[in-house]
Amino acid sequence: MKNKITYCITFIGAMMLLISSCSDKLDVAPVSSISDANFWKSPDQVDAFVTGIHARFREHNAAFRTLGELRADIFGLEPGSSASFTGEATQGLERLWLQSLDPNNPGISGFGGFYGNIAQLNLLISKLKTTDVVAPATEDYYLGIAHGMRAYYYFHMLRTWGDVVIQTEPTTGVDIANLAKPASSQEEVMNLIKADIDSSNTSFGEDYSFRQSKSFWSKAATQMLKAEVYLWTSYRGGGAADALVAKNALTDIQANVPALALLPDYADVFAAGNKGNNEIIFASRYGLNEATQSIISFVPQTGLITNFYDSLENRQFTVATENWGGLLRAPVQVSTFREFNDLDSRKWATIQPAYEKVGDTYQIAGAFVKKFEGEQSAGSRQYTNDYPIYRYADLLLLLAEAKLILGEDPSAENNAVRQRAFGENYDAAVHGFPNQPIDADPKEAILRERFLEFIFEGKRWYDLRRMGDNFVYEHTTLTEDEAYKLLWPIDRGSLTDNRALEQNPGYQKF
């Protein structure tokens with residue numbers, strides 16, 4: 001067991017704080033390598049620390065996506081295939097969509113590394129409350145960020161592992177007696193999440209501003225999280241009362257941030273050159289010569305994809321254009337691609353199909369994610385698209401869900417999203433709610449709309465889990481006979497490092 005986390009704080013330029021050579025273990029005590037005598041002395045230092053927290057948050061996007069999507073009904077091999085259509089082996093990723101995770105193959109280890117940044121957030125909260133380095137308004141804004149972001153981490157962990165260790169106090173030294181700490185109950189974790197949300201909103205007050213072009217957490221992000229949390233609890237005993245809290249959080253954003261809107265063109269939401277646009281509420285920032293998205297397992301090798309064709313453009317893929325540079329281990333299922341109506345613009349902006357050509361006939365061979373296609377730089381593709389955590393389409397569909405629980409009409413929100421998707425092809429009598437066949441079951445209609453809207457944004461598994469276990473069994477390979485797998489296994493490394501932890505029920509005990 002490690003006895004400490006060393007925070008090595010360095011500056012790039014005047015603002016960027018990086019945290020390196022650090023452990024993300026949940027059961028260890030952080031010890032700052034820069035003493036309090038040298039840090040927390042100027043506004044620039046605090047600003048840099050907050051920037052560093054967002055940089056560390058960005059590093060967790062891959063874990064957010066894995067936890068929120070890879071066990072759902074989006075990715076997978078075609079029936080009878082042991083490799084993706086471009087010839088790459090899945091190298092264990094198939095365990096996620098086949099629901100064969102275990103403590104040795106947990107999908108995500110070390111609780112996603114989230115405790116490392118939680119420790120930083122705890123330290124920030126403590127220092128902001130015990131020093132007067134920054135102006136009061138800035139202090140409040142940063143406390144709003146810290147409490148909101150900490151709640152976001154714990155909500156991910158609650159939905160994934162259930163009972164988890166709560167750590168809210170900063171530690172500046174090693175206390176051997178507290179290195180082993182048992183998990184708190186889901187009820188206690190949820191109480192912390194809701195308390196942090198309240199603290200975040202109180203700290204933000206009436207400040208609905210966005211900073212760093214929406215790449216910093218904001219009050220609108222906290223209100224989006226509040227809606228998600230209370231919709232989750234509305235299905236778990238909270239009922240209409242919690243759904244009303246969710247609805248009010250969402251309409252509060254609409255009232256106080258009127259510039260938020262759906263962009264006319266779906267693809268423009270994610271374009272590398274359109275960061276912080278009117279649809280974005282909060283996104284992790286990527287850019288050339290900075291950090292780029294790591295999506296190597298979701299896009300194909302350049303040399304292999306050139307064996308296939310784009311039927312829409314009636315051409316064979318080329319090295320110059322299709323320089324994806326990946327190792328496609330998690331292909332999109334062809335059935336996922338076929339879920340989309342051909343007139344739905346999201347189909348062509350989200351997924352790239354690849355075809356074999358037999359004579360004059362195209363036959364689909366497979367598909368992969370296209371949503372974050374990056375930009376070309378010096379002959380190579382760089383994945384510089386921002387990764388959206390919350391956007392206005394999410395607000396609308398969560399609001400439709402809250403209205404449905406409350407017995408209200410969700411048509412306006414559903415149809416705003418559908419109309420944008422179909423553009424000039426939109427026919428309300430055909431495409432509008434409640435005129436599609438799936439609309440006979442409004443819950444399934446909302447789930448399907450979210451499925452089509454948010455592929456590769458880490459939401460599908462959580463959407464199914466939120467609405468109820470039966471939706472998971474209906475739409476994924478998980479069966480009711482293995483219901484314990486709704487929670488993920490805790491990896492053996494975490495159980496070794498913290499002997500007070502217990503494995504989730506159903507999995508092999510340590």
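These numbers were taken from a predicted model, which means no experiment stands behind them.
With Ser377 contributing its side chain and Ser380 its backbone, the two residues share no donor-acceptor pair below 3.5 Å. Judged purely by atom type and a 3.5 angstrom limit, Asn415 uses its side chain to pair as donor or acceptor with the backbone of Phe433. With hydrogens and angles ignored, the 3.5 Å screen pairs a side-chain donor or acceptor of Gln45 with a backbone N or O of Trp40. No donor-acceptor distance shorter than 3.5 angstrom exists from the side chain of Gln419 to the backbone of Ala421, with no hydrogens or angles considered. Remark: the backbone N or O of Asn341 is not paired with any side-chain donor or acceptor of Arg346 at under 3.5 angstrom. Tyr115 places a side-chain N or O within 3.5 Å of a backbone atom of Val165 that can act as its donor or acceptor partner. Under a 3.5 Å cut-off, the side chain of Glu69 and the backbone N or O of Phe456 do form a donor-acceptor pair. Checking side-chain atoms of Asn323 against main-chain N and O of Gly379 turns up a donor-acceptor pair under 3.5 Å. Of the possible polar contacts, one joining the Arg159 side chain to the Phe155 backbone as a donor-acceptor pair under 3.5 Å is found. Using a distance-only test at 3.5 Å, with no hydrogens or angles considered, no donor-acceptor pair links the side chain of Ser126 to the main chain of Asn122.
The pair Asp342-Lys347 meets the salt-bridge criterion, since a charged nitrogen lies less than 4.0 angstrom from a carboxylate oxygen. Note on Glu59 versus Arg56: salt bridge recorded, some NZ/NE/NH1/NH2 to OD/OE distance being below 4.0 Å. The pair Arg450-Glu401 does not count as a salt bridge, with every side-chain nitrogen at least 4.0 angstrom from each carboxylate oxygen. With respect to the salt-bridge test (charged N to carboxylate O, under 4.0 angstrom), the residues Asp386 and Lys214 do not qualify. In summary, Glu457 and Lys459 do not engage in a salt bridge, as defined by a charged side-chain N under 4.0 Å from a carboxylate O. The existence of a salt bridge linking Asp463 and Arg460 is excluded, since no basic side-chain nitrogen approaches an acidic carboxylate oxygen closer than 4.0 Å.
Side-chain N/O atoms of Tyr462 and Glu228 include no donor and acceptor closer than 3.5 Å. Side-chain contact annotation: Asp409 with Ser411, donor-acceptor N/O pair under 3.5 Å present. Donor-acceptor pairing under 3.5 Å is lacking for the side chains of Asp242 and Tyr235. Side-chain contact of Asn248 with Tyr230: a donor-acceptor pair under 3.5 Å is absent, judged by distance alone. Using modelled atom types and a 3.5 Å distance limit, the side chains of Gln254 and Tyr392 yield a donor-acceptor pair. Between the side chains of Tyr208 and Asp252, a donor-acceptor pair is found at a separation under 3.5 Å. For the residue pair Asn385/Glu373, the side-chain donor-acceptor check at 3.5 Å is not satisfied. Under 3.5 Å, the side chains of Asn117 and Tyr153 contain a donor-acceptor pair of N or O atoms. Residues Glu375 and Thr384 bring a donor and an acceptor atom of their side chains to less than 3.5 Å of each other.
Relative ring orientation between Phe64 and His156 is described as parallel, the plane-to-plane angle staying below 30° on a 0-90° scale split at 30° and 60°. The aromatic rings of His475 and Phe471 sit parallel, their planes meeting at an angle under 30°, below the 60° perpendicular limit. Between Phe57 and Tyr152, the ring-plane angle classifies as tilted under the 30° and 60° cut-offs. Using cut-offs of 30° and 60° on the angle between ring planes, the pair His60 and Phe114 is perpendicular.
The two residues Lys41 and Val133 have their closest heavy-atom pair at C-CG1, 3.8 Å. Listed here is the closest heavy atom pair of Ser203 and Gly144: CB-N, 3.6 Å. Scanning both residues, Trp348 and Pro353, for their nearest heavy atoms gives CZ3-CG, 4.4 Å. For Gly76 against Gln333, the heavy-atom pair with the smallest separation is N-CG, 3.6 Å. For the pair Pro106 and Ser109, the tightest heavy-atom approach, listed with the atom from each and the gap, is CG-OG, 3.5 Å. Here the shortest heavy-atom pairing between Trp324 and Thr302 reads N-OG1, 3.3 Å.
Of the inter-residue distances, the one linking Phe454 atom CZ with Arg391 atom CZ reads 4.5 Å to the nearest 0.5 angstrom. Interatomic distance, Leu262 CG to Leu396 CG, rounded to the nearest 0.5 Å: 5.0 Å. If you take CG on Asp394 and CG on Leu399, they are separated by 11.0 Å, rounding to the nearest 0.5 Å. Rounded to the nearest 0.5 angstrom, Ile53 CD1 and Phe216 CZ are separated by 9.0 Å. Here CD1 of Ile455 is found 6.0 Å from OG1 of Thr350. Values are rounded to the nearest 0.5 Å. Taken to the nearest 0.5 Å, the CG atom of Leu343 stands 10.0 Å off from the CG atom of Asp427.
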As a quick check of understanding, evaluate salt bridge (Lys or Arg N to Asp or Glu O under 4.0 Å) for Arg418 and Asp344, giving each step before the final call. CA-CA 8 Å; Arg418 290 182 180 182; Asp344 188 335; over 6 Å; no
Quick one: do Arg381 and Val299 satisfy side chain to side chain contact (heavy atoms under 4.5 Å, CB included)? Show the steps, please. CA-CA 11 Å; Arg381 187 185 296 268; Val299 293; over 6 Å; no
List the steps, then state whether side chain to side chain contact (heavy atoms under 4.5 Å, CB included) holds for Phe451 with Ile74. CA-CA 9 Å; Phe451 173 83; Ile74 296 172; 3.7 Å; yes
Tell me, with the steps shown, if Thr222 and Trp217 meet side chain to side chain contact (heavy atoms under 4.5 Å, CB included). CA-CA 8 Å; Thr222 293; Trp217 191 275; 2.7 Å; yes
Please report the C-alpha distance between Glu290 and Arg285 in whole Å, then the side-chain angles of each, then the deciding distance to 0.1 Å, and finally whether the salt bridge (Lys or Arg N to Asp or Glu O under 4.0 Å) criterion is met. CA-CA 9 Å; Glu290 300 176 15; Arg285 177 58 40 81; over 6 Å; no
Evaluate the side chain to side chain contact (heavy atoms under 4.5 Å, CB included) criterion for residues Leu395 and Gln223: first the C-alpha distance (whole Å), next the side-chain angles of each, then the deciding distance (0.1 Å), finally the verdict. CA-CA 10 Å; Leu395 184 154; Gln223 290 290 69; over 6 Å; no
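For the pair Arg150 and Tyr154, the NZ or CZ position fails the cation-pi test of under 6.0 Å to the six-membered ring centre and within 45 degrees of the ring normal.
With a 4.5 Å cut-off on side-chain heavy atoms, Leu263 and Asn277 count as touching. Within the 4.5 Å cutoff, the side chain of Phe49 has heavy atoms near those of the Gln120 side chain. Counting heavy atoms from C-beta on, the side chains of Thr476 and Arg71 never come closer than 4.5 Å. Residues Ser294 and Tyr383 have side chains not in contact (no heavy-atom distance under 4.5 Å, counting atoms from C-beta outward). Taking 4.5 Å as the limit, some side-chain heavy atom of Glu408 sits within range of a side-chain heavy atom of Lys247. Using a 4.5 Å heavy-atom threshold, the side chains of Asp207 and Lys219 count as separate. Val46 places a side-chain heavy atom less than 4.5 Å from the side chain of Leu128. Proximity of Gln293 to Arg65: side-chain heavy atoms (C-beta onward) are separated by under 4.5 Å at one or more points.
None of Ile280, Asn278, Ile281 except one satisfies the side chain to side chain contact (heavy atoms under 4.5 Å, CB included) rule with Leu260; the exception is Ile281.
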